[in-house]
Asker: 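Pasting a structure here, questions to come.
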Amino acid sequence: MKITAVELENYIQDLGATFVGFSDVSSAVGPQLEKYPYAITVGIRLSSSIIDEIDNKPTFTYFSHYRSVNFFIDQLTLKIMLFLQEKGYNAYTVPASQSIPDAVVPYSGVFPHKTGAVLAGLGWIGKNGLFIHRDYGPAVRLGTVLTDLELKSPNDVMESQCGECSKCVKACPAYALTGSQWRIGMDRSAVIDARACSTYMNSNFKHIGRGSVCGICINVCPYRKAAK
Ligand code: SF4
Ligand code: SF4
């Protein structure tokens, strides 16, 4: 049975997503995933109250919140995948949080959620290496469903709106951020030293968030603070 992009978006909003976007990722997926040329990006906004508590380290509450939101996103993308499959389309869920040890790009999963989100025109990549949503800033978590349902998208990519700001670069205790302004096609390593970030979290925050969360560069971002 055919389904339109509008029907799909309404279905996803009803499931509880904060925002939804569609993009053509045919040039961004590797050979293993090339049969899924379109991406559905779903996002959940994090709690401002919980992020506000982060100062020079993550909090136990933030770690719990991070895991709850990831779990919720995995439920959302599972439901979307099942919905599409019932309608006769192929669909593939990308885990909300995934780091594959032998991935081509270290500290990454099968497909970067950020790629789908920026191609959908939902925001840009900040100097903190995070996806910055145009309305909510960096305090969001992303999920992705790849599919062969044709979702026509202009792939209108936003330019970085970081400008002269470098609050996250100055706040990073791991000195992991280069300060470079992101533009489409740029390697992640030009913006962030993912190894330095991960090593710092593992050395300093293992007792709080098993070395997988920090949140400092989310907290300080003016785009988060300005979000209503
Ligand atoms: S998560 Fe923490 S350590 Fe990693 S880049 Fe952000 S501020 Fe630096
Ligand atoms: S803190 Fe400033 S430089 Fe860093 S992501 Fe936010 S706006 Fe960009």
Side-chain angles (χ1 to χ4, degrees), residues 18-19 43-48 50-67 69-70 73 96-99 103 105-109 112-115 117-118 120-142 157-228:
T18 311
F19 57 88
I44 297 292
R45 186 182 180 187
L46 296 169
S47 160
S48 300
I50 292 173
I51 304 287
D52 280 343
E53 288 188 341
I54 297 170
D55 184 11
N56 60 355
K57 59 180 184 301
T59 63
F60 289 98
T61 309
Y62 172 55
F63 180 50
S64 172
H65 183 52
Y66 172 88
R67 294 211 298 169
V69 171
N70 282 346
I73 288 173
S97 178
Q98 184 183 47
S99 182
V105 178
Y107 307 100
S108 66
H113 301 292
K114 289 185 272 191
T115 299
V118 296
L122 295 168
W124 69 97
I125 304 299
K127 290 180 188 173
N128 52 12
L130 298 172
F131 172 70
I132 313 290
H133 187 272
R134 60 190 177 208
D135 297 326
Y136 308 120
V140 296
R141 296 285 307 157
L142 299 171
V157 176
M158 284 183 72
E159 286 184 6
S160 169
Q161 304 293 307
C162 288
E164 296 304 309
C165 177
S166 59
K167 284 181 185 288
C168 55
V169 180
K170 289 179 189 148
C172 175
Y175 305 104
L177 304 173
T178 66
S180 297
Q181 191 105 248
W182 168 86
R183 57 180 189 284
I184 190 76
M186 194 182 238
D187 270 359
R188 183 184 64 181
S189 59
V191 176
I192 178 170
D193 180 343
R195 179 184 292 275
C197 168
S198 178
T199 302
Y200 188 90
M201 290 193 294
N202 270 303
S203 305
N204 296 277
F205 306 144
K206 195 130 196 153
H207 62 298
I208 303 172
R210 298 188 195 162
S212 60
V213 292
C214 166
I216 294 171
C217 57
I218 296 178
N219 181 34
V220 298
C221 181
Y223 282 99
R224 179 191 82 80
K225 299 191 181 214
K228 304 215 167 48

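Model, not experiment: these values are computed from the prediction. For ligands, and for the atoms within them, numbers begin at 1 and follow the listed sequence.
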Asker: Without swapping roles, check the side chain of S180 against the backbone of A190 for a donor-acceptor pair under 3.5 Å.
Answerer: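 Checking the backbone N and O of A190 against the side chain of S180, a donor-acceptor pair under 3.5 Å is found.
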
Asker: Considering only non-hydrogen protein atoms, determine which one is nearest to atom 3 (S) of ligand 2 and report residue, atom name and distance to 0.1 Å.
Answerer: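 Sorting protein heavy atoms by distance from atom 3 (S) of ligand 2 puts C165 O, 3.3 Å first.
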
Asker: With heavy-atom distances below 4.0 Å as the criterion, list the atoms of ligand 2 near N128.
Answerer: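 That gives atoms 5 (S) of ligand 2.
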
Asker: Give me the residue, atom name and distance of the protein heavy atom closest to atom 6 (Fe) of ligand 2.
Answerer: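 Protein heavy atom with the smallest distance to atom 6 (Fe) of ligand 2: C221 SG, 2.4 Å.
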
Asker: Are the charged groups of D193 and R188 less than 4.0 angstrom apart, N to O?
Answerer: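 Looking at R188 together with D193, the answer is no, because their closest N to O distance does not fall below 4.0 Å.
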
Asker: Just which atoms of ligand 1 are under 4.0 Å from any heavy atom in C217?
Answerer: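 Heavy-atom distances to C217 below 4.0 Å select 1 (S), 6 (Fe), 7 (S).
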
Asker: Examine distances only and state if a side-chain atom of K114 and a backbone atom of G129 form a donor-acceptor pair shorter than 3.5 Å.
Answerer: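 Yes: the side chain of K114 pairs with the backbone of G129.
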
Asker: To the closest 0.5 Å, what do you measure between NE2 (H65) and CD1 (I50)?
Answerer: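 The NE2 atom of H65 sits 4.5 Å away from the CD1 atom of I50.
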
Asker: I need the nearest protein heavy-atom contact for atom 8 (Fe) of ligand 1: residue, atom name and distance, please.
Answerer: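 Minimum-distance protein heavy atom for atom 8 (Fe) of ligand 1 reads C172 SG, 2.3 Å.
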
Asker: Over all heavy atoms of both residues, which pair between V220 and A171 is shortest? Give the atoms and the distance, please.
Answerer: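 Answer, listing the atom of V220 first, then A171: CG1-CB, 4.0 Å.
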
Asker: Give the numbers and elements of all ligand 2 atoms closer than 4.0 Å to a heavy atom of G126.
Answerer: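 Contacts of ligand 2 toward G126, numbered from 1: 5 (S).
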
Asker: Does the ring center of H113 lie less than 6.0 Å from the ring center of F131?
Answerer: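 H113 vs F131: aromatic centres not under 6.0 Å.
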
Asker: Can you list the ligand 2 atoms lying under 4.0 Å from a non-hydrogen atom of P222?
Answerer: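 Numbered from 1, ligand 2 contributes 1 (S), 2 (Fe), 6 (Fe).
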
Asker: List every atom of ligand 2 that sits less than 4.0 Å from any heavy atom of Y223, numbering the atoms from 1 in the order shown and giving each element.
Answerer: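 Counting from 1, the qualifying ligand atoms are 7 (S).
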
Asker: Among all protein heavy atoms in this structure, tell me which lies nearest to atom 1 (S) of ligand 1, with the distance rounded to 0.1 Å.
Answerer: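 Answer for atom 1 (S) of ligand 1: C214 CB, 3.4 Å.
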
Asker: List ligand 2 atoms under 4.0 Å from C162, heavy atoms only on the residue side.
Answerer: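 Answer, ordered by atom number: 3 (S), 5 (S), 7 (S), 8 (Fe).
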
Asker: Classify the ring geometry between F205 and Y200 as parallel (under 30°), tilted (30 to 60°) or perpendicular (over 60°).
Answerer: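 Answer is perpendicular, since the angle exceeds 60°.
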
Asker: Tell me if the centroids of the rings in W124 and Y223 come within less than 6.0 Å of each other.
Answerer: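 When the ring centroids of W124 and Y223 are compared, they turn out to be within the sub-6.0 Å range.
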
Asker: What's the shortest distance from atom 4 (Fe) of ligand 2 to any protein heavy atom, and which residue and atom give it?
Answerer: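 Minimum-distance protein heavy atom for atom 4 (Fe) of ligand 2 reads C168 SG, 2.3 Å.
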
